[in-house]
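A quick note: this is a predicted structure, and the numbers were derived from the prediction, not measured.
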Amino acid sequence: MKLESQREGAFFAALSYLIWGIIPIYWKLIQDVSAGEILAHRIIWSFVFMVVLLLISRKWKSFIGFLKEIAQNRKILFSLFLASVLVSINWGTFIWAVNAGKIMETSLGYYINPLVSVLLGVIVLKEKLSKQQVVAFTFAGVGVLILGIYFGSIPWISLILAVTFGMYGLAKKMIKADSAMGLTLETLMVTPFALGYIIYILSTSGSVFFTEPHTAFLMMGGGVVTALPLLFFAKGAQKVPLSMLGILQYIAPTLSLIISVFVYHESFTKVHLLAFTFIWSALVIYTLSITKKRVIGSSKVKKQVSHGS
């Protein structure tokens, strides 16, 4: 049963990363729309989709109860608002980068993200780094530095994506909630701002949402393609070991990198190859370090059980 559960978890986790990897193609379909307007609609329709999902799954009463509960807890309320803002910045940056022809930089950002998450754990949660993780950070730093020196600027798109998603994960640790209810709350927090922006657009330059049905449909669908992989990930993450999840997460940036080069013909120079080689090496070292840590941890547990019996 445990093996079957892990297979199911691996399937849903891999499916979520697969969707995240190919999602640039979706946003490219509406690249003529401004990133701000796409983001506003992405937030609104994600919220609408999640409300419908809660109603269908009969979790609406639980959601209302949880909403009343967190309203009395300022710490959780602040963490929720912070998570909402961070994921909105992440979404907006990603959409802008994709439609500006910088998919490769988004790929780099999500390659760096696991290392940023570990670094945040050290700074905020006072976790300790292993020797292998220190080496991994050094390699990743060299990779980013190579790009910065060669192109004359730090790859800020990659760093914004990595840092905001890493901090989003950290904020989520403070919120113990069902994944569906958590996402509904996050989108609820920023929906008023999104609606305000849509009203502003309508009163100034106008919106294509009401003039182009095809584009409007794709913008509404953005809510579905946003929510589904997050729900698949939450379902998969509960059933697979952390080490497996650490390996599976590289599916998304790898697919995005392939799409950027072979579908949208973004430039991939020898300098890119050198920088990515350092970053890929960092990820290999990091993945081996968490796998080794898990193996050692499980062997210690087995010894304790055998001694106890």
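- Residues Phe49 and Leu228 are in side-chain contact: their nearest non-hydrogen atoms beyond the backbone lie under 4.5 Å apart.
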Notebook entry, point to check: Are Glu186 and Leu80 close enough, and set up right, to give a side chain to side chain contact (heavy atoms under 4.5 Å, CB included), and what steps lead you there?
Noted result: CA-CA 6 Å; Glu186 288 165 31; Leu80 177 65; 3.8 Å; yes

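- Side-chain contact check for Trp45 versus Val48: some heavy-atom pair is nearer than 4.5 Å.
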Donor-acceptor list for residues 273-285 side chains, cut-off 3.5 Å, not counting sequence neighbours:
| from | atom 1 | to | atom 2 | distance (Å) |
| --- | --- | --- | --- | --- |
| Thr277 | OG1 | Leu273 | O | 2.6 |
| Trp280 | NE1 | Tyr111 | OH | 3.4 |
| Ser281 | OG | Thr277 | O | 2.7 |

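- Residue Leu161 is tested with Asn90, Leu108, Ile89, Asn113 for a side chain to side chain contact (heavy atoms under 4.5 Å, CB included); the sole match is Asn90.
- Considering all non-hydrogen atoms of both residues, Thr269 and Ser267 come closest at CG2-OG, 3.4 Å.
- Annotation: side chain of His272 is in contact with side chain of Leu147 (closest heavy-atom distance under 4.5 Å).
- Nearest heavy atom pair, residue Asn99 against residue Trp27, reads OD1-O, 3.1 Å.
- Under the 4.5 Å side-chain heavy-atom criterion for Ile, Leu, Val, Met, Phe, Trp and Tyr, Met220 and Phe217 are members of distinct hydrophobic clusters.
- In the hydrophobic clustering of ILVMFWY residues, with side-chain heavy atoms under 4.5 Å counting as a link, Tyr197 and Ile95 come out apart.
- When hydrophobic residues (I, L, V, M, F, W, Y) are linked wherever their side-chain heavy atoms come within less than 4.5 Å, the members clustered with Ile149 are Leu145.
- When all heavy atoms of Met189 and Ser84 are compared, the pair lying nearest together is CB-OG, 3.4 Å.
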Next item on the list: Could you please spell out the steps behind the side chain to side chain contact (heavy atoms under 4.5 Å, CB included) verdict for Val208 and Glu37?
Entry: CA-CA 9 Å; Val208 295; Glu37 187 174 355; 4.3 Å; yes

Check: Yes or no on side chain to side chain contact (heavy atoms under 4.5 Å, CB included) for Leu230 and Ser16, after CA distance, side-chain angles and deciding distance?
Finding: CA-CA 7 Å; Leu230 285 167; Ser16 68; over 6 Å; no

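- There is no path of hydrophobic side-chain contacts, each under 4.5 Å, that joins Tyr200 to Leu195.
- In the hydrophobic cluster analysis, where Ile, Leu, Val, Met, Phe, Trp and Tyr join through side-chain heavy atoms closer than 4.5 angstrom, Met219 is grouped together with Val51.
- Between Tyr250 and Tyr110, the gap from one ring centroid to the other reaches at least 6.0 Å.
- Remark: Ile259 CD1 to Glu266 CD distance equals 10.5 Å, nearest 0.5 Å.
- The two residues Ile198 and Ala40 have their closest heavy-atom pair at CD1-CB, 3.6 Å.
- When hydrophobic clusters are built by joining Ile, Leu, Val, Met, Phe, Trp and Tyr residues whose side-chain heavy atoms come closer than 4.5 Å, directly or via intermediates, Val190 is not grouped with Ile199.
- In this structure, Val263 and Ile258 have side chains that are not in contact, with every pair of non-hydrogen atoms separated by 4.5 Å or more.
- Interatomic distance, Met50 CE to Leu54 CG, rounded to the nearest 0.5 Å: 5.5 Å.
- With contacts defined as side-chain heavy-atom distances shorter than 4.5 Å, the pair Thr164/Val87 does not qualify.
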Next item on the list: Show your reasoning for whether ring-ring contact (aromatic ring centres under 6.0 Å, His included) applies to Tyr168 and Phe165.
Entry: CA-CA 5 Å; Tyr168 169 71; Phe165 204 73; 5.7 Å; yes

Notebook entry, point to check: Could you go step by step and tell me if Thr215 and Phe209 meet the side chain to side chain contact (heavy atoms under 4.5 Å, CB included) rule?
Noted result: CA-CA 7 Å; Thr215 303; Phe209 185 80; over 6 Å; no

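- The structure places CG of Leu185 at 8.0 Å from OG1 of Thr187, a figure rounded to the nearest 0.5 Å.
- The shortest heavy-atom contact between Val33 and Ile38 is O-CD1, 3.6 Å.
- Atoms CD1 and CG, from Ile22 and Leu18 in turn, are 5.0 Å apart once rounded to the nearest 0.5 Å.
- A heavy-atom distance below 4.5 Å is found between the side chains of Ile64 and Lys68.
- Atom-to-atom distance recorded for Ser107:OG and Ile112:CD1 is 9.5 Å, nearest 0.5 angstrom.
- No close placement of the Trp91 and Phe94 rings is indicated, their centers lying 6.0 Å or farther apart.
- Ile251 contributes atom CD1, which lies 11.5 Å from atom OG of Ser256 (distance to the nearest 0.5 angstrom).
- Leu231 and Ala180 make their closest contact through CD2-CA, 3.9 Å (heavy atoms, listed as atom of the first residue, atom of the second, distance).
- Looking at residues two or more places apart in sequence or on another chain, you find no salt bridge (Lys or Arg N to Asp or Glu O under 4.0 Å) involving Lys28.
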